[in-house]
Amino acid sequence: MQINENSRISDLLAHPVGHDVIRKVFLQIGKPFSWVANPIVGRLKLKTLKLMAGSRLPESFWTTAFELFNSEPDRPSSGPGDGQATWWKEAVFYQIYPRSFKDSNGDGVGDLGGIIDRLDYLEDLGVDALWLSPIYDSPNDDNGYDIRNYHKIMEEMGTMADFDRLLEALHQRGMRLIMDLVVNHSSDEHEWFQQALADPDGPYGSYYFLREGDGQTPPNNWVSFFSGSAWRWFPEQKRWALHLFSEKQMDLNWDHEPLRQEIYEMVRWWLEKGVDGFRLDVINYISKQPGLPDGDPFVGELMQFYGIENYYYGPNLHRYLRELRREAFDPFNAFSVGETPGIGIEMGRLMTASDRKELDLIFNFDHLEMPGEVRFNDYVYDLNFLKDYYFTYHGRLSGKDWISVFWDNHDNPQMLSKINDDPRWRNRLAKLLLTLQLSMKGTVFLYQGQELGMVKQPFEHIEQLRDVESINKYEELLRTKTPTEAWATVMCGTRDHARVPMRWDESALGGFSSVEAWLPWPASDSGWSVREQAADTGSVLNFAKKMIGLRRVETALRLGEIVPVDAKRDNYMAYERRYEASGRTVRIFCEFNLSAQRLPRKTLGSMYMLLISNIDERMKGDPGLELEAGLHYMEPYEANVFRITD
Ligand code: ISL
Ligand code: CA
């Protein structure tokens with residue numbers, strides 16, 4: 001069914017793209033989605049809505065929206081899954097940002113040798129698989145997300161021999177490795193782009209988006225995620241080149257068949273080496289609207305990035321993903337997780353349902369900021385929102401769907417700091433977050449430092465930052481704001497919070513390197529290093545190990561159904577994980593106080609056996625008895641996991 005002016009809001013919400021776009025718009029403007037989801041509003045026709053919105057939503061917006069909705073004829077599949085066991089559904093992944101993990105040769109930059117040195121640590125932590133942020137040859141304009149040579153290891157990271165050693169060592173330990181695949185763009189220093197510049201009308205010219213011009217007006221109004229126009233002018237060639245990210249990250253033209261074939265061949269080359277899969281950088285951006293039309297200004301203002309509706313769910317996206325899987329991933333039975341900014345629940349299902357043969361998983365980002373907020377805003381994150389996100393998400397999935405569970409990575413300040421930066425709660429809240437993540441249904445992706453309760457950094461001025469996004473953003477803000485205001489904004493959202501080195505010990509250089517790191521910590525953080533925490537039974541690190549271990553032994557935590565309990569209750573989150581095995585149901589009960597206040601609660605009976613708690617006293621003595629004796633409240637940020645016996 002086509003979506004048009006005569007469609008009702010309920011028709012729109014039944015449409016995967018319609019549903020996700022409307023949900024996104026409500027997130028963006030900070031209004032509750034329940035407003036449109038209500039049946040009375042649902043009966044309204046879109047033309048009524050159009051009338052009500054009047055000039056606030058220009059005609060061009062409606063044209064853009066209808067085109068986007070109607071570009072998707074498919075509906076997410078329903079019904080049970082194929083019941084096949086797959087390692088990646090049960091795995092705990094650990095993301096390493098190699099520059100900041102461990103330096104092995106004293107140049108201040110983390111490297112492959114450093115990761116090899118710390119494999120015992122990772123194995124002991126209990127993680128099953130590593131994801132490495134890019135380690136390929138790169139001029140490092142965006143720390144390796146600008147690749148110059150896909151077949152070579154970045155000099156700072158080591159050699160191909162080091163890589164082979166790492167892969168072998170991991171496999172010997174029964175662990176797996178996935179690489180970062182950055183193929184929406186390449187570095188401007190990549191040979192393909194150099195060839196394209198040498199002869200823009202030759203074979204490599206079509207590998208990119210090159211457009212003739214006068215150097216004054218870019219071909220369209222699209223903007224870069226790293227500030228300014230998305231077009232860079234090359235005076236010698238008299239051409240513009242498209243770059244959605246930094247001006248050294250040139251977008252590749254996936255509509256050009258030879259380019260796609262080169263990419264598939266490169267992916268096969270790595271899979272032949274034995275890597276177990278890939279995380280695919282901004283993979284939903286690879287198919288651009290033909291003709292690269294201007295972005296709608298209304299959408300541009302709303303989403304903060306002009307042009308985005310022309311490439312975040314492009315016309316050939318599904319086709320290219322299927323081709324990539326068929327040509328490269330499937331022959332090796334390799335795993336894929338797509339990084340997909342802007343993709344909502346239903347569109348995500350269309351990219352990952354097991355019968356669609358596209359990706360295995362995606363990263364949906366809708367939970368990382370509260371409604372109406374962006375990463376650079378100063379606000380407090382409310383865990384009730386995270387609760388609603390997961391309950392809603394799980395409520396919409398079928399047996400063919402599976403999701404990723406994450407909230408920290410190299411692009412985002414730590415969730416822990418966004419929720420409550422009072423040092424009093426750091427230990428307990430870090431443990432709550434680990435308990436929640438590791439008892440949630442879905443594939444867990446931990447980011448380095450989460451197991452230590454790492455937090456945002458007290459950077460003081462822009463010279464301390466290295467990230468191209470932060471530096472460009474600061475420059476851009478200075479045009480309209482004072483330096484103090486500009487700094488305050490950058491400080492809230494800078495990706496460098498997540499990129500400072502791991503602290504291995506309490507020494508000044510943190511045991512990371514023998515010299516000052518490429519991105520030093522602005523302050524010391526006594527008590528929170530790996531060495532200090534390893535020696536402390538109450539540490540976040542030891543808790544993380546226990547919780548990962550619990551997930552490993554409790555099948556219900558990995559594969560069980562998730563059943564929300566008292567879902568409407570504010571500041572309280574609880575669910576059961578249920579798993580049928582040999583005729584009986586294993587039931588695990590997880591409960592969380594989402595606030596910094598005590599929370600009254602009903603006494604749990606003796607059939608609740610405590611498995612883990614972030615309140616040490618709860619774990620002493622006979623947990624069953626103590627709970628029966630009357631536990632009428634939960635402590636601030638308390639998190640418990642019980643087995644329900646009968
Ligand atoms: O920058 C954004 C908007 O503010 C993000 O939504 C962005 O699209 C997303 O973070 C993309 O990230 C990935 O690709 C980038 C790289 O800099 C990031 O580190 C990587 O995770 C370009 O390759
Ligand atoms: Ca090094």
Side-chain angles (χ1 to χ4, degrees), residues 24 28 95 97-117 131-136 138 140-147 153-159 162 180-187 223-227 230 243-252 279-286 303-308 311-312 337-343 363-366 368-369 373-377 406 408-413 445 447 466-473 476 489-490 492-496 498-499 501 512-518:
K24 187 89 197 167
Q28 207 70 13
Q95 182 193 352
Y97 198 64
R99 299 184 81 68
S100 305
F101 192 63
K102 173 79 180 105
D103 174 22
S104 70
N105 65 344
D107 63 356
V109 179
D111 47 47
L112 294 175
I115 301 173
I116 296 173
D117 283 354
W131 149 27
L132 301 189
S133 277
I135 52 165
Y136 313 91
S138 160
N140 281 316
D141 192 50
D142 186 20
N143 290 353
Y145 282 93
D146 47 323
I147 298 174
I153 301 292
M154 186 192 302
E155 244 164 67
E156 286 174 317
M157 291 295 143
T159 62
D162 294 329
D180 217 309
L181 184 64
V182 190
V183 286
N184 171 69
H185 43 266
S186 80
S187 164
V223 297
S224 153
F225 289 102
F226 296 161
S227 306
H243 63 92
L244 293 180
F245 292 89
S246 96
E247 54 177 28
K248 283 178 68 64
Q249 291 169 297
M250 318 318 298
D251 278 66
L252 288 161
R279 173 264 190 192
L280 294 82
D281 193 62
V282 288
I283 199 65
N284 57 318
Y285 292 0
I286 57 175
M303 303 310 296
Q304 299 209 320
F305 295 103
Y306 276 67
I308 197 158
Y311 58 77
Y312 93 110
V337 51
E339 189 220 19
T340 54
I343 295 294
F363 292 131
N364 173 324
F365 291 99
D366 286 346
L368 290 197
E369 311 297 339
E373 304 289 353
V374 293
R375 171 155 52 92
F376 289 98
N377 293 354
F406 77 99
D408 278 0
N409 64 27
H410 65 294
D411 289 335
N412 289 281
F445 288 82
Y447 180 60
R466 300 286 172 271
D467 180 19
V468 58
E469 181 198 53
S470 303
I471 292 163
N472 290 356
K473 183 153 189 102
E476 184 179 68
T489 300
V490 169
C492 278
T494 178
R495 306 191 295 181
D496 281 340
R499 297 179 179 187
F512 168 73
S513 174
S514 51
V515 298
E516 178 143 305
W518 68 278

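Atoms within each ligand, like the ligands themselves, are counted from 1 in listed order.
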Open item on the list: Within ligand 1, which atoms have a heavy atom of His410 less than 4.0 Å away?
Closed with: 18 (C), 19 (O), 20 (C), 21 (O)
Task: Check ion pair Asp467-Arg499 (N to O, under 4.0 angstrom) - done: yes
Task: Within-shell test, Tyr285 vs ligand 1, heavy atom, strictly < 4.0 Å - done: yes
Open item on the list: Show the atoms of ligand 1 that are less than 4.0 angstrom away from any heavy atom in Pro341.
Closed with: 6 (O), 8 (O)
Task: Side-chain donor-acceptor contact under 3.5 Å, Asn140 with Asp146 - done: no
Open item on the list: Restricting to N/O/S atoms, is Asn105 within less than 3.0 Å of the Ca ion (ligand 2) or not?
Closed with: yes
Open item on the list: Suppose we only count N/O/S atoms under 3.0 Å; would Val109 qualify as near the Ca ion (ligand 2)?
Closed with: yes
Task: Among Glu339, Arg375, Lys473, closest by any non-hydrogen atom to atom 9 (C) of ligand 1 - done: Glu339
- [ ] Using a strict cut-off of 4.0 Å, indicate which atoms of ligand 1 neighbour a heavy atom of Gln249.
- [x] 22 (C), 23 (O)
TODO: Assess Arg279 for proximity to ligand 1: is some non-hydrogen atom of it under 4.0 Å away?
DONE: yes
Open item on the list: Among the N/O/S atoms of Asp107, which is closest to the Ca ion (ligand 2)? Give the atom name.
Closed with: OD1
TODO: Counting heavy atoms only, name the option from Asn409, Asp142, Asp141 that's nearest to atom 16 (C) of ligand 1.
DONE: Asp142
Task: Under-4.0 Å salt bridge between Glu369 and Arg375 - done: no
Open item on the list: Under 4.0 Å, counting heavy atoms only: does Arg499 come that close to any atom of ligand 1?
Closed with: yes
Open item on the list: Quick one about Asp117 and Ser104 (side-chain donor to acceptor, distance below 3.5 Å, no hydrogens or angles considered), yes or no?
Closed with: no
Open item on the list: Which of the numbered atoms in ligand 1 are under 4.0 angstrom from any heavy atom belonging to His185?
Closed with: 22 (C), 23 (O)
TODO: Identify the two heavy atoms, one from Leu368 and one from Phe406, that lie closest to each other, and give their separation to 0.1 Å.
DONE: CD1-CE1, 4.2 Å
TODO: Have a look at Phe376, Phe305, Tyr312, Phe245 and point out the one with the heavy atom closest to atom 22 (C) of ligand 1.
DONE: Phe245
- [ ] For the Ca ion (ligand 2), decide whether Glu156 has an N, O or S atom at a distance under 3.0 Å.
- [x] no
Open item on the list: Tell me if the aromatic rings of His410 and Tyr145 count as close, with their centers under 6.0 Å from one another.
Closed with: yes
Open item on the list: As a check for students: among Ile147, Asn184, Asp411, identify the option with a heavy atom nearest to atom 19 (O) of ligand 1.
Closed with: Asp411
Task: Ligand-side contact atoms (ligand 1) for residue partner Arg495, heavy atom cut-off under 4.0 Å - done: 16 (C), 17 (O), 18 (C), 19 (O)
TODO: Any atoms of ligand 1 less than 4.0 Å from a non-hydrogen atom of Phe226? List them with their elements.
DONE: 17 (O)
